[in-house]
Amino acid sequence: MRAIKFKNKQLFYIDQTKLPLKEVWKECKGLDSGYKAIKELQVRGAPLIGVFAAYCVYIHFKNKSLAINKFLSEFRRTTKRLKSCRPTAVNLAWALEKVEQVVLSNNNKGKSGEQLKEIILKEAKTINQEDVKLCENMAKYGVRLIKKGDNILTHCNAGFLATSGDGTAISVIYKAYERYKDIRVYSDETRPLLQGSRLSAWELTKRGVPTTVICDSMAATLMEQGKIDKIIVGADRIAANGDAANKIGTYGLAILANYYKIPFYIVAPFSTFDLSLKSGKFIPIEERKKDEVRKLVNRIEVAPRGVKVYNPAFDVTPNKLITAIISDKGVINPPFKKSIKKILK
Ligand code: MRU
């Protein structure tokens, strides 16, 4: 099961806003439709938006026949616009910068617009395949930290709907389930857009993993009752010191985990690290539309019209609350500043 498909030079994706009620596949027709899909979270999750955006650049140029100068200026406009879709997940800019690099270096070699199109496609496919491998590696390293019988709490969605492979945090859960069977997952519903109840619970149950959905506000009670052995979540951007941005609510879980002495793991590939940022306070946090809070799944009004709303989509968990970061290159332990530098070198 995959969240996007590239077939016969066409790009398709599951519209994740329709899940879990309907599995609707749509086609990305170019820049505008790709931009909308990412902006509206039809396609979401840090690694997936990077892969999707890279393909989207190709789709945008697929049927265009442009002289090289026009091609290059249109190319710059396209990557700039896509990068601006979502500011927190660094994987988006990372993937588009990879595409920019191959285009630049091949332009220097005198390639034509037609040739550059195929080069973009090749790069998008490479990023896609690499992402699958990264998920496999995170699962391989992460599963070593899980024990038979563990009850795992996760937040938002970091599974196959968020990557090209089996996921970041949830790939570890799938691997543990495959190995032990005796694993249970608690999925925070993840207000305001409910990625936990709509998406994680959907994909986990589809794969047979015993899953219980809880409201975000119930996590403390479960921990107090001894029902949670581990917390495993993904990340959208990790600074050089290990501070990690993830879906809003993650930070609260980390504080609770610290209070109840429960291991708190972040799972993320190398493409989620941003070593140019010294700490999490420099991570840009996306603020989203008021209606996402004011209405349930953008439909039922649950707050008075005109009331003030604050809607940051992500928060930053300070490194001191993170037990370890599970990456595709191995498990990274504190002190993170040193160990991240060492493992990513
Ligand atoms: O706003 P979203 O749904 O794109 O947020 C996604 C998350 O916060 C995930 O936990 C994160 O991208 C890690 S995904 C593998």
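We count ligands from 1, going down the list as the structure has it; atoms in each ligand are counted the same way.
Listed by number with element, the atoms of ligand 1 under 4.0 angstrom from any heavy atom of Arg86 are 1 (O), 2 (P), 4 (O). Per-residue contacts place Ala162 under 4.0 angstrom from the following atoms of ligand 1 (heavy atoms of the residue considered): 14 (S), 15 (C). Distances below 4.0 Å separate heavy atoms of Asn157 from the following atoms of ligand 1: 9 (C), 10 (O), 14 (S). Listed by atom number, the atoms of ligand 1 under 4.0 Å from Gln195 heavy atoms are 1 (O), 2 (P), 3 (O). Counting atoms of ligand 1 from 1 in the listed order, those under 4.0 Å from a heavy atom of Gly45 are 4 (O), 12 (O).
Among protein heavy atoms, the minimum distance from atom 5 (O) of ligand 1 is reached at Lys247 CE, 3.3 Å. Among protein heavy atoms, atom 10 (O) of ligand 1 sits closest to Asn246 OD1, 2.7 Å. Here the protein heavy atom with the shortest distance to atom 3 (O) of ligand 1 is Arg44 NE, 2.5 Å. With hydrogens left out, the protein atom closest to atom 15 (C) of ligand 1 is Thr168 OG1, 3.1 Å, a heavy atom. With respect to atom 11 (C) of ligand 1, the closest heavy atom belonging to the protein is Asp236 OD1, 3.1 Å.
For the side-chain hydrogen bond (donor to acceptor under 3.5 Å, both in side chains) with Thr79, the qualifying choice from His60, Glu100, Glu97 is Glu100, the only one to do so. Asn157 pairs in a side-chain hydrogen bond (donor to acceptor under 3.5 Å, both in side chains) with only one of the listed residues (Arg198, Gln16, Gln195, Arg44), which is Arg44.
A cation-pi arrangement is present between Arg207 and Tyr174, with the terminal nitrogen or guanidinium carbon under 6.0 Å from the aromatic centre and inside a 45° cone about the axis. Seen from the ring of Phe314, Lys247 counts as a face-on cation partner, given the 6.0 Å and 45° thresholds.
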*salt bridge (Lys or Arg N to Asp or Glu O under 4.0 Å) evaluation trace for Asp15 with Lys18*: CA-CA 6 Å; Asp15 178 349; Lys18 302 276 189 290; 3.3 Å; yes
*Apply the test side-chain contact (heavy atoms from CB on, under 4.5 Å) to residues Arg81 and Leu31: give CA-CA distance (whole Å), side-chain angles for both, the deciding distance (0.1 Å), then the verdict.*
CA-CA 8 Å; Arg81 177 131 185 262; Leu31 178 58; 3.6 Å; yes
*salt bridge (Lys or Arg N to Asp or Glu O under 4.0 Å) between Glu23 and Lys206: does it pass, once the steps are laid out?*
CA-CA 12 Å; Glu23 208 179 301; Lys206 218 172 161 63; 3.6 Å; yes
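Only side-chain heavy atoms of Cys156 come within less than 4.0 Å of ligand 1; its backbone N, CA, C and O stay farther off. By the criterion of a heavy-atom distance under 4.0 Å, the backbone of Ala235, and not its side chain, is placed next to ligand 1. Using a 4.0 Å cut-off between heavy atoms, Ile49 makes no contact with ligand 1 at all.
Ligand 1 lies out of reach of Ala89, whose nearest heavy atom is not under 4.0 Å from it.
In terms of polar-atom proximity, His155 is not counted as a contact of ligand 1, lacking any N or O under 3.5 Å from an N or O of the ligand. Where the criterion is an N or O separation shorter than 3.5 Å, residue side chain and backbone included, Ala158 fails it with respect to ligand 1.
Taking the six-membered ring for Trp and thresholds of 30 and 60 degrees, Tyr58 and Phe6 have ring planes more than 60 degrees apart, a perpendicular arrangement. The aromatic rings of Trp94 and Phe270 stand perpendicular to each other, their planes meeting at an angle above 60°, with 30° marking the opposite boundary.
Side-chain contact of Asn151 with Tyr186: a donor-acceptor pair under 3.5 Å is absent, judged by distance alone.
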